[in-house]
There are 2 protein chains.
Amino acid sequence: MSLRYALLGLLADEAASGYVLTKKFEGSLQHYAWHAKHSQIYPELSKLAADGLIEVTEEGPRGRRTYAITEPGRVSLREWMFTRPDSGGVRNEFVLRLFLLPTLEPSDARTLLTAYLQVANEQLEGMAKIFELAGPEWKEEPMSFGHFAAEYGRRSFETLREWAQWALTEVEARDTADAAAEAAER
Amino acid sequence: MSLRYALLGLLADEAASGYVLTKKFEGSLQHYAWHAKHSQIYPELSKLAADGLIEVTEEGPRGRRTYAITEPGRVSLREWMFTRPDSGGVRNEFVLRLFLLPTLEPSDARTLLTAYLQVANEQLEGMAKIFELAGPEWKEEPMSFGHFAAEYGRRSFETLREWAQWALTEVEARDTADAAAEAAER
DNA sequence: TAGCACATGTAATATGTTACATGATTGA
DNA sequence: TCAATCATGTAACATATTACATGTGCTA
């Protein structure tokens with residue numbers, strides 16, 4: 001059901017064709033928020049139009065149809081924004097792996113955590129570039145599209161980095177405890 | 001495909017029946033990592049058993065079957081833990097809302113951010129209780145099940161709280177800029 | 001004029017949800 | 001003994017992915 005509002009939200013920012021919306025999902029959106037293929041997007045746009053939440057405002061070459069959000073569409077989007085996200089509906093592969101980390105041998109856990117640390121650093125470098133490019137615009141225009149999400153992303157990756165560092169010390173502690181237990185056995 | 005590994009991971013921690021696994025998904029797991037209904041769990045357990053990754057170790061009353069992970073199961077789980085999570089496959093309703101926050105009027109945005117702040121605080125209180133209950137055990141046994149995830153959760157909610165506070169100042173800035181523009185118009 | 005990006009559609013398959021369905025054990 | 005919880009299963013429906021399918025316009 002969220003795809004509907006993802007599309008509505010993108011069209012609330014600016015009018016676009018199915019093709020353009022597909023490209024938007026291939027950008028930063030899909031890495032952090034939501035993704036969908038064109039085979040899902042086109043049928044959903046038809047439904048949204050049938051429900052009067054969006055409308056075709058322009059027909060271009062190659063059969064291109066540009067959609068814009070309608071007033072009922074804005075009302076529907078706003079309503080959804082204020083509904084409590086279904087906290088029983090999470091599917092986060094990364095957090096699942098965190099939960100399952102203790103099923104690994106300490107040496108494997110250390111390897112994996114080191115890889116996470118690297119991912120966090122890479123992502124932070126990427127975020128730095130985004131801020132460099134969009135930063136000036138964001139300073140002039142507060143509350144611009146993407147800024148809230150980018151700032152949240154930057155802070156989240158910093159948190160991931162710090163957490164991974166903490167987790168590595170935890171694995172070391174386990175190694176030390178195991179070694180002590182082994183020594184005591186002899 | 002992740003459900004398979006979620007089940008495998010839970011069974012790597014300890015043997016359990018489909019019913020018990022369903023209950024585990026109804027706990028903290030579903031709020032932060034993964035969720036599934038019994039109607040999905042039972043067929044998947046059958047498939048995992050058919051593939052030899054788990055096996056029935058005990059048959060109890062009321063037709064209860066307790067499954068345990070097998071050695072091939074552990075190998076498969078470990079392999080999956082080391083695959084790179086598909087970064088093009090995110091579906092995070094919360095982050096989607098962050099992306100769409102700028103589609104709201106500043107006053108609506110302020111209302112929503114205040115609600116997020118409250119959610120973060122509530123969650124942090126909940127986490128504090130979890131740490132109180134499990135903390136002593138976690139201190140004695142480093143790398144225990146749930147500790148990594150809980151610590152990550154705690155840090156993430158602190159990040160959310162700080163981000164929401166920052167975002168509120170951003171909305172204020174927008175309000176100020178809008179008021180100035182209006183004044184200049186007259 | 002050929003190759004690439006633009007642009008949309010749909011069928012088959014896989015995954016996930018809701019609803020329907022049944023029965024056993026336990027404790028009050 | 002009766003209600004709640006334990007315990008599993010499956011059918012119908014909704015959602016999402018992969019693969020197949022077709023044609024247009026631009027630019028080098």
Side-chain angles (χ1 to χ4, degrees), chain A residues 1-8 10-11 15-27 29-30 33-51 54-68 80 85-93 96, chain B residues 1-8 10-11 15-27 29-30 33-51 54-68 80 85-93 96:
Chain A
M1 214 53 220
S2 297
L3 172 62
R4 163 159 275 235
Y5 299 102
L7 292 171
L8 224 38
L10 292 174
L11 292 175
S17 64
Y19 188 83
V20 168
L21 291 166
T22 304
K23 291 292 157 190
K24 290 203 181 191
F25 277 109
E26 284 166 12
L29 206 60
Q30 84 168 331
W34 210 262
H35 75 277
K37 310 281 167 72
H38 80 274
S39 57
Q40 212 188 341
I41 291 168
Y42 286 110
E44 191 62 39
L45 286 172
S46 299
K47 277 187 219 163
L48 281 163
D51 293 346
I54 61 173
E55 61 187 0
V56 176
T57 52
E58 196 200 321
E59 306 218 13
R62 285 173 275 199
R64 185 181 73 223
R65 263 160 295 137
T66 300
Y67 290 95
W80 177 78
D86 173 15
S87 87
V90 170
R91 281 216 172 85
N92 186 325
E93 209 174 297
L96 176 59
Chain B
M1 215 52 222
S2 295
L3 172 62
R4 166 160 273 236
Y5 298 102
L7 292 171
L8 225 38
L10 291 175
L11 292 175
S17 64
Y19 188 83
V20 167
L21 291 166
T22 304
K23 291 292 156 191
K24 290 204 181 190
F25 276 110
E26 284 166 13
L29 205 60
Q30 85 168 331
W34 210 263
H35 76 276
K37 310 280 165 76
H38 79 274
S39 57
Q40 212 188 342
I41 291 168
Y42 287 109
E44 191 63 40
L45 286 172
S46 299
K47 276 188 218 161
L48 281 162
D51 293 347
I54 61 174
E55 62 188 1
V56 176
T57 53
E58 194 200 324
E59 307 218 12
R62 287 173 273 202
R64 185 179 74 222
R65 263 159 294 134
T66 300
Y67 289 95
W80 178 78
D86 172 15
S87 87
V90 171
R91 280 211 173 89
N92 186 325
E93 210 175 293
L96 175 60

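A note on names: the letters A, B, ... follow the listed sequences, proteins ahead of strands, and every chain is numbered from 1. Hydrogens, waters and symmetry mates are skipped; everything else that's a heavy atom, side chains included, is used.
- Rounded to an integer number of Å, the gap from CG of A/L45 to C1' of D/dA16 is 16 Å.
- Residues satisfying the side chain to side chain contact (heavy atoms under 4.5 Å, CB included) criterion with A/K23, sequence neighbours excluded, are A/Y19, A/E26.
- By the side-chain hydrogen bond (donor to acceptor under 3.5 Å, both in side chains) test, B/Q30 is found to be paired with no residue, residues two or more places apart in sequence or in another chain being considered.
- One atom, OH of A/Y42, and another, C1' of D/dA19, lie 17 Å apart when rounded to the nearest Å.
- Rounded to an integer number of Å, the gap from CD of A/E44 to P of D/dA16 is 8 Å.
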Inset, instruction - Sugar-phosphate atoms are those with a prime plus P, OP1 and OP2; base atoms are the rest. Using that split, label each nucleotide of nucleotides 21-26 of chain D B, S or - for protein heavy atoms under 4.0 Å, 5' to 3'. - result: ---BB-
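- Remark: B/S17 engages no residue in a side-chain hydrogen bond (donor to acceptor under 3.5 Å, both in side chains) (not counting sequence neighbours).
- Here A/K37 does not reach the OP1 or OP2 of D/dA16: none of its side-chain N or O atoms lies under 4.0 Å away.
- Rounded to whole angstrom, the span from the CE atom of B/M1 across to the C1' atom of D/dT18 amounts to 15 Å.
- The span of DNA chain C lying next to chain B, judged by atoms under 4.0 Å from heavy atoms, is bounded 5' to 3' by C/dT15 to C/dT26.
- Inter-axis angle, ends of the helix from C/dT1-D/dA28 to C/dA28-D/dT1, five pairs per end, rounded to 10 degrees: 20°.
- B/R4 meets the side-chain hydrogen bond (donor to acceptor under 3.5 Å, both in side chains) test with B/E44, B/D51; sequence neighbours excluded.
- Note: CD (A/E26) to P (D/dT17) measures 13 Å, nearest angstrom.
- The CG atom of B/L3 lies 5.5 Å from the CZ atom of B/F25; values are rounded to the nearest 0.5 Å.
- Position along DNA chain D of the nearest nucleotide to B/R91 versus B/S46 favours B/S46 as the more 5'-ward residue.
- If you take NE2 on B/H35 and OG1 on B/T22, they are separated by 12.5 Å, rounding to the nearest 0.5 Å.
- Remark: B/R64 pairs with B/E58 by the salt bridge (Lys or Arg N to Asp or Glu O under 4.0 Å) rule, at least two apart or across chains.
- Put simply, CD on B/E58 is 14 Å from C1' on D/dA7, counting in whole angstrom units.
- With sequence neighbours excluded, the residues that form a ring-ring contact (aromatic ring centres under 6.0 Å, His included) with A/Y5 are A/W80.
- Comparing A/R64 and A/S39 against DNA chain C, the residue whose closest nucleotide sits nearer the 5' end is A/R64.
- Expressed to the nearest 0.5 Å, how far CD of B/E55 lies from CG of B/L11 amounts to 11.0 Å.
- Partners of A/T66 according to the side-chain hydrogen bond (donor to acceptor under 3.5 Å, both in side chains) rule, which considers only residues two or more places apart in sequence or in another chain, do not exist here.
- Atoms CD (B/Q40) and P (D/dT8) sit 16 Å apart, rounded to a whole Å.
- In this structure, the side chains of B/L21 and B/L29 stay at 4.5 Å or more apart for every pair of heavy atoms.
- Atoms CG (A/L3) and C1' (D/dA14) sit 13 Å apart, rounded to a whole Å.
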